[in-house]
Amino acid sequence: MKLDRNFFLRPTLKVAQELLGKLIIRKYKNKLLIGKIVETEAYIGPKDKASHAYAKREQPKKEKLKIIHQNWHRIEKYVENKEKFIKRILKLKNAKVTKRNLAEYLKGGHIYIYLVYGNYYQLNITTYKEGYPECVLIRSLEPITTDNIIPNGPGKLCQYLKLDSSFWGYDLVDGDKIWLENGESYNSSDIIKTTRIGIDYAEEDAFLPWRFYIKNNKWVSKK
DNA sequence: GTACAGATTGAG
DNA sequence: TCAATCTGTACT
């Protein structure tokens, strides 16, 4: 059964753990590409120095508004209430808005995807309410359908699912190119909670145990 | 306009 | 251990 909006609207740490075992279904050239989520990381906006939405230096409201308006056409169809959306963003402390991270502010159940190191896309799913920049990075999948690419890392998983920047903002609840379905459920005792990867710059937040993976699963990425 | 680092990966 | 590769971000 397809996951509905309410699943994604809940607190980010809860969604990050409950995404383990869920299936990602991608319709590509009349075929279905399927993977089971086995590893995730939570990024909680302005409270989290590792997040793209964390502002090291305070960003003036004027600058935030400029970026929102310049990029409005890219998110317009996904936003429920424009006034409320903007008001919430302006109210957040330590939050940064950029052309890239604007999709993080969409309500739970949307895709935030971006390129790192010039080569690799990273698939994130937004969580919580509209106007709050929180998301879950999907780090690895257990392949269900066969392919030459093994999706045991955030970059390789986007190659496996044939995802690129055209999916920026995409709605996983209403869309038919990619969506999530119920798979297996795991107990808390089957979930390993540890520190996130590749965020040494995040000072004390680098030690937060916000990476989750299924115990003893062979597809989890290595550190 | 210019510099620089990054939520990675695979090869040596 | 290290380079590839290029966009977003910050600063001149």
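Each chain gets a letter, A, B and so on, in the order the sequences are listed, and its residues count up from 1. It should be emphasised that the depicted structure is a prediction, and the values quoted were computed from it without experimental measurement.
- Atom name P, nucleotides B:dT2 and C:dT5: the rounded distance is 23 Å, in whole Å.
- Of the side-chain N and O atoms in A:K156, one or more sit less than 4.0 angstrom from OP1 or OP2 of B:dG10.
- Protein atom CD of A:Q122 is 7 Å distant from nucleotide atom P of B:dT9, rounded to whole Å.
- Contact check, A:T98 against C:dG8: no side-chain N or O comes under 4.0 Å of OP1 or OP2.
- Between A:E130 and A:Y78, the shortest heavy-atom distance links the atoms OE1-O, 3.9 Å.
- Rounded to whole Å, atom P of B:dA7 lies 15 Å from atom CD1 of A:I113.
- A salt bridge is defined here as a Lys NZ or Arg NE, NH1 or NH2 lying under 4.0 Å from an Asp or Glu carboxylate O, and A:R10 with A:E18 meets this definition.
- The partner of B:dA7 cannot be assigned: no Watson-Crick or G-U wobble pair with both contacts below 3.5 Å exists in any strand.
- Checked options A:R211, A:K156, A:K193; the residue passing with A:E39 is A:R211 (criterion: salt bridge (charged side-chain N to carboxylate O under 4.0 Å, His left out)).
- In this structure, A:N119 atom CG and B:dA11 atom C1' are separated by 14 Å, rounded to whole Å.
- What separates CD of A:Q70 from C1' of C:dG8 is a distance of 14 Å, to the nearest Å.
- Put simply, A:R100 has no side-chain N or O that comes within less than 4.0 Å of OP1 or OP2 on C:dT7.
- Spacing between atom CG of A:N124 and atom C1' of B:dT8 amounts to 14 Å, rounded to whole angstrom units.
- Counting heavy atoms from C-beta outward, A:L92 and A:Y132 have side chains that approach closer than 4.5 Å.
- Ion pair A:R139/A:E41 flagged as a salt bridge, since at least one NZ, NE, NH1 or NH2 atom sits closer than 4.0 Å to an Asp/Glu carboxylate oxygen.
- Using a 4.0 Å heavy-atom distance criterion, A:L115 is classed as a sugar-phosphate-only contact.
- Counting atom types as modelled, A:Y114 pairs a side-chain N or O with a base atom of B:dA7 as donor and acceptor under 3.5 Å.
- Whole-Å rounding puts the A:D200 CG to B:dA5 C1' distance at 13 Å.
- Stacking between A:Y117 and the base of C:dA4 is absent under the criterion of ring centres within 5.5 Å and planes under 30 degrees.
- Residue A:R57 is classed as a sugar-phosphate contact, given heavy-atom separations below 4.0 Å to backbone atoms only.
- For C:dA10, one of the phosphate oxygens OP1 or OP2 lies less than 4.0 angstrom from a side-chain nitrogen or oxygen of A:K96.
- What separates CG of A:L137 from P of B:dG6 is a distance of 16 Å, to the nearest Å.
- Contact annotation: A:Y120 does not reach the phosphate of C:dT5 (side-chain N/O to OP1 or OP2, under 4.0 Å).
- If you measure from atom CD1 of A:I150 to atom P of B:dT8, you get 19 Å, rounded to the nearest angstrom.
- Distances shown here put a side-chain N or O of A:R139 below 4.0 Å from the OP1 or OP2 atom of B:dT8.
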